[in-house]
Amino acid sequence: MKAVVFKGKDFPLAVTDFQKPKPGKNQLLVKIKTAAINHRDLWATQEQASVPHANGVVLGSDGCGVVDEVGMDVDPLWIGAEVVLLPSLDWGNNPNVQGDAFRILGNPDHGTFAEYIAIDKKYVFEKPEHLTDEEAAALPLSGLTAYRALFSKARLRANEKVLITGIGGGAALWALQLAVAYQVKVSVTSGSEEKLLKAKSLGALNTYSYKDAEWVSKAQKENNGFDVVIDSAGGDDFEKLIELAAPGGRIVNFGRTAGTKASIDIRKLFWKQLTVHGTTMGTRDEFLSLLEFIESRKVKPVIDRVYAMGDVGEAFAHMQEDAQFGKIVLTVAH
Ligand SMILES: NC(=O)c1ccc[n+]([C@@H]2O[C@H](COP(=O)([O-])OP(=O)(O)OC[C@H]3O[C@@H](n4cnc5c(N)ncnc54)[C@H](OP(=O)(O)O)[C@@H]3O)[C@@H](O)[C@H]2O)c1
């Protein structure tokens with residue numbers, strides 16, 4: 001089969017022939033139709049020196065496809081089902097935090113940028129009917145991350161005000177769509193005026209350019225504090241989020257696009273009684289809740305561009321430019 005194989009940052013990312021997997025006990029063989037790119041795929045190609053497989057690892061955490069074959073102890077009625085895959089592998093028993101065995105599908109386990117994947121049945125779910133193949137591929141990793149951040153961590157309630165940073169991010173945009181569907185007031189930041197306009201058209205109330213030196217005072221004046229802040233940028237601007245959080249506010253971070261280090265004013269943290277949560281991905285139960293949420297409210301993700309799997313290099317370059325608004329999807333097969 002053809003697959004996007006990664007061997008380490010010093011090797012070119014290549015679409016090559018790779019051994020087609022066989023479904024083992026409790027596994028299904030899924031013929032992938034579409035897959036989506038996440039920042040972690042890009043970072044692997046920039047930062048990861050090697051992989052634990054001699055032949056390389058198939059990248060890709062997000063995928064949608066059709067069940068082609070089943071392994072032992074799997075109901076053959078699955079064959080032909082249109083499915084999406086949960087990329088949180090072996091989360092563990094504690095819903096609050098993943099255990100030591102936790103992995104994200106697609107590095108070190110072989111992922112979705114391939115014609116076929118063999119995967120345990122517990123990670124396979126029927127594709128929401130209202131989504132196209134491209135939209136379904138755009139769902140799992142960032143949709144799940146955003147869902148857990150908003151509802152399990154921040155415990156978002158009706159009538160609260162939410163701020164989401166860097167709306168060009170895949171998970172940030174999912175957070176906007178989920179929060180708008182939940183009918184709360186959402187404000188967003190971006191480095192791009194064009195993305196801010198697009199966010200408005202999706203229901204964002206107030207929008208701010210994080211390149212504008214005055215954006216924090218404008219946001220403070222117009223919103224008088226945010227109950228929930230969803231951040232995937234980190235870095236120097238994290239301090240501003242402490243400033244913008246309302247007393248009793250919750251700040252949830254799941255990324256470090258702008259930097260891994262941040263400094264904060266501790267006085268504001270304790271005096272405003274803020275809570276800062278870290279989060280990563282989500283559990284199987286949260287994925288089921290996400291599926292139910294988007295099906296009942298007919299939420300559809302925004303797709304930025306669709307590339308053929310053979311053009312994966314161009315797709316990665318597009319993500320590197322931060323030019324996207326919505327998910328970047330690869331078509332693997334029709
Ligand atoms: N922990 C997890 O489970 C998890 C899951 C998903 C993502 N993540 C993390 O979340 C981050 C985004 O990932 P993604 O795949 O969603 O990313 P992505 O689609 O590649 O988006 C990156 C976005 O970051 C925004 N950005 C860049 N510099 C910024 C700054 N100084 N302040 C605010 N925003 C800034 C840009 O938004 P604008 O273009 O609007 O400026 C850009 O579009 C990454 O750090 C990723 O590792 C973590």
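These figures come from a predicted structure and were not determined experimentally. Computed from heavy atoms alone, side chains included, the values below leave out hydrogens, waters and symmetry copies. One-based numbering, in listed order, for ligands and for the atoms of each.
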S.K.: I'd like to check whether G191 has a polar contact with ligand 1, where a contact means an N/O of the residue lying under 3.5 Å from an N/O of the ligand.
M.R.: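 Min N/O separation from ligand 1 is below 3.5 Å for G191.
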S.K.: Which part of T280 is near ligand 1, with near meaning a heavy atom under 4.0 Å away: side chain, backbone, both or neither?
M.R.: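 Under 4.0 Å from ligand 1, T280 contributes backbone and side-chain atoms.
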S.K.: For atom 5 (C) of ligand 1, what's the nearest protein heavy atom and its distance?
M.R.: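 Going by distance alone, atom 5 (C) of ligand 1 is nearest to T145 OG1, 3.3 Å.
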S.K.: Mind checking whether T331 and Y307 have side chains closer than 4.5 Å, heavy atoms only?
M.R.: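 In short, these two side chains do not touch, never coming nearer than 4.5 Å.
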S.K.: Just which atoms of ligand 1 are under 4.0 Å from any heavy atom in I167?
M.R.: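 Ligand 1 atoms under the 4.0 Å threshold to I167: 40 (O).
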S.K.: Should the heavy atoms of other residues, nucleotides or ligands under 6.0 Å from CD of E47 be counted, would the total exceed 12?
M.R.: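 Yes, because the 6.0 Å sphere around CD of E47 holds more than 12 heavy atoms from other groups.
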S.K.: Go through N206 and K200 one step at a time and tell me if the side chain to side chain donor-acceptor pair (under 3.5 Å) criterion holds.
M.R.: CA-CA 8 Å; N206 297 319; K200 273 218 165 204; 5.2 Å; no
S.K.: Can you list the ligand 1 atoms lying under 4.0 Å from a non-hydrogen atom of M281?
M.R.: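 The atoms of ligand 1 under 4.0 Å from a heavy atom of M281 are 2 (C), 3 (O).
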S.K.: Can you tell me if NZ on K185 sees more than 12 non-hydrogen neighbours from other groups inside 6.0 Å?
M.R.: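 Check fails, neighbour count at 12 or below.
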S.K.: Closest by any non-hydrogen atom to atom 45 (O) of ligand 1: pick that one out of K327, R256, H39, R148.
M.R.: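 Looking at heavy atoms only, R256 sits closest to atom 45 (O) of ligand 1.
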S.K.: Atoms of ligand 1 less than 4.0 Å from A258 heavy atoms?
M.R.: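 Going through ligand 1 atom by atom, the ones under 4.0 Å from A258 are 30 (C), 31 (N).
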S.K.: Quick one: nearest non-hydrogen protein atom to atom 30 (C) of ligand 1, plus distance?
M.R.: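 The answer is Y210 CZ, 3.5 Å.
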S.K.: Establish, from distance only, whether the side-chain atoms of N26 and D120 form a donor-acceptor pair under 3.5 Å.
M.R.: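 Looking only at side-chain atoms, D120 and N26 do not form any donor-acceptor pair under 3.5 Å.
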S.K.: Among T279, D304, T257, which one has a heavy atom closest to atom 24 (O) of ligand 1?
M.R.: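 When every heavy atom of T279, D304, T257 is considered, T257 comes closest to atom 24 (O) of ligand 1.
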S.K.: Counting only nitrogen or oxygen atoms and a 3.5 angstrom limit, does S192 reach ligand 1?
M.R.: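 Looking only at distances, the answer is no, because the N/O contact criterion of under 3.5 Å is not met.
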S.K.: As an exercise, identify every atom of ligand 1 less than 4.0 angstrom from a heavy atom of A171.
M.R.: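 This gives 16 (O) as the contact atoms.
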S.K.: Measure the distances from the heavy atoms of D322 to every atom of ligand 1 and state whether one is below 4.0 angstrom.
M.R.: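 Yes, that is the case, since the closest heavy atom of the residue is under 4.0 Å from the ligand.
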S.K.: Does the residue F325 have a heavy-atom contact with ligand 1, meaning some pair of atoms that are separated by less than 4.0 Å?
M.R.: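 The answer is no: ligand 1 sits nowhere under 4.0 Å from a heavy atom of F325.
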S.K.: Short list, please: which atoms of ligand 1 are under 4.0 Å from a heavy atom of Q324?
M.R.: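 So the atoms of ligand 1 that pass are 18 (P), 19 (O), 20 (O), 21 (O).
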S.K.: More than 12 foreign heavy atoms under 6.0 Å from CD of E292: is that the case here?
M.R.: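 Counting other residues, nucleotides and ligands, CD of E292 stays at 12 neighbours or fewer.
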S.K.: Could you pull out every donor-acceptor pair under 3.5 Å between side chains of residues 68-77 and any protein atom, sequence neighbours left out?
M.R.:
unit_1 : atom_1 : unit_2 : atom_2 : d
D73    : OD2    : K25    : NZ     : 2.4
D75    : OD1    : L77    : N      : 2.9

S.K.: Looking at D236, I'd like to know if its CG atom is crowded, meaning that more than 12 non-hydrogen atoms belonging to other residues, nucleotides or ligands lie closer than 6.0 Å.
M.R.: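 It does not: D236 CG has 12 such atoms or fewer within range.
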S.K.: Between R40 and S61, is there a side-chain donor-acceptor contact under 3.5 Å, judged purely by atom types and distance?
M.R.: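 Their side chains do contain a donor-acceptor pair, which is all the 3.5 Å distance test asks for.
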S.K.: Short list, please: which atoms of ligand 1 are under 4.0 Å from a heavy atom of S232?
M.R.: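 Near S232, the atoms of ligand 1 are 10 (O), 11 (C), 45 (O).
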S.K.: Does the cation-pi check pass for K161 over F226, that is, NZ or CZ under 6.0 Å from the six-membered ring centre and within 45° of its axis?
M.R.: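 Cation-pi check for K161 and F226: fails.
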S.K.: At a non-hydrogen distance cut-off of under 4.0 Å, which region of S190 contacts ligand 1 (side chain, backbone, both, or neither)?
M.R.: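 For S190, backbone and side-chain atoms both sit under 4.0 Å from ligand 1.
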S.K.: Which ligand 1 atoms, with their elements, are less than 4.0 angstrom from a heavy-atom of G169?
M.R.: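 Result: 16 (O), 17 (O), 18 (P), 19 (O), 21 (O), 22 (C), 23 (C), 43 (O).
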S.K.: Just to confirm my output: which protein heavy-atom neighbour is closest to atom 46 (C) of ligand 1, and how far is it?
M.R.: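 Answer for atom 46 (C) of ligand 1: W43 CZ3, 3.7 Å.
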S.K.: Considering only the protein, which heavy-atom contact is closest to atom 6 (C) of ligand 1, and what is its distance?
M.R.: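 Nearest protein contact, heavy atoms only, for atom 6 (C) of ligand 1 is L141 CD2, 3.4 Å.
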S.K.: Decide whether the shortest distance between a heavy atom of G235 and an atom of ligand 1 is less than 4.0 Å.
M.R.: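 The answer is no: ligand 1 sits nowhere under 4.0 Å from a heavy atom of G235.
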S.K.: Does a donor on one side chain and an acceptor on the other come within less than 3.5 Å for S152 and E286?
M.R.: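 Per modelled atom types, S152 and E286 side chains form a pair under 3.5 Å.
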S.K.: Check M319 against ligand 1 and report side chain, backbone, both or neither, counting heavy atoms closer than 4.0 Å.
M.R.: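 Within the 4.0 Å criterion, M319 contacts ligand 1 through side-chain atoms alone.
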S.K.: Atom 39 (O) of ligand 1: which protein heavy atom is closest, and how many Å away?
M.R.: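 Sorting protein heavy atoms by distance from atom 39 (O) of ligand 1 puts K195 NZ, 2.6 Å first.
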S.K.: Should the heavy atoms of other residues, nucleotides or ligands under 6.0 Å from CG of N224 be counted, would the total exceed 12?
M.R.: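 Open: at most 12 neighbouring heavy atoms sit under 6.0 Å from CG of N224.
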S.K.: Please state whether the rings of F293 and F151 are parallel, tilted or perpendicular, taking 30° and 60° as the class boundaries.
M.R.: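 Plane angle between 30° and 60°, so tilted.
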S.K.: Checking side-chain polar atoms at under 3.5 Å, does N107 have a donor or acceptor matched by the opposite partner on Q48?
M.R.: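 Short answer, yes.
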S.K.: Give the numbers and elements of all ligand 1 atoms closer than 4.0 Å to a heavy atom of G170.
M.R.: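 Numbered from 1, ligand 1 contributes 14 (P), 16 (O), 17 (O), 18 (P), 19 (O).
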S.K.: Who's the nearest protein heavy-atom neighbour of atom 43 (O) of ligand 1, and how far?
M.R.: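 Heavy-atom neighbour on the protein nearest atom 43 (O) of ligand 1: G168 C, 3.2 Å.
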S.K.: Tell me: protein heavy atom nearest atom 48 (C) of ligand 1, and distance?
M.R.: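 The protein heavy atom lying closest is F254 O, 2.8 Å.
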S.K.: Return the residue, atom name and 0.1 Å-rounded distance of the protein heavy atom closest to atom 34 (N) of ligand 1.
M.R.: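 That would be G166 CA, 3.2 Å.
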S.K.: Could you list all the salt bridge (charged side-chain N to carboxylate O under 4.0 Å, His left out) pairs where at least one residue sits in residues 201-230, not counting sequence neighbours?
M.R.: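 The answer is D212-K218.
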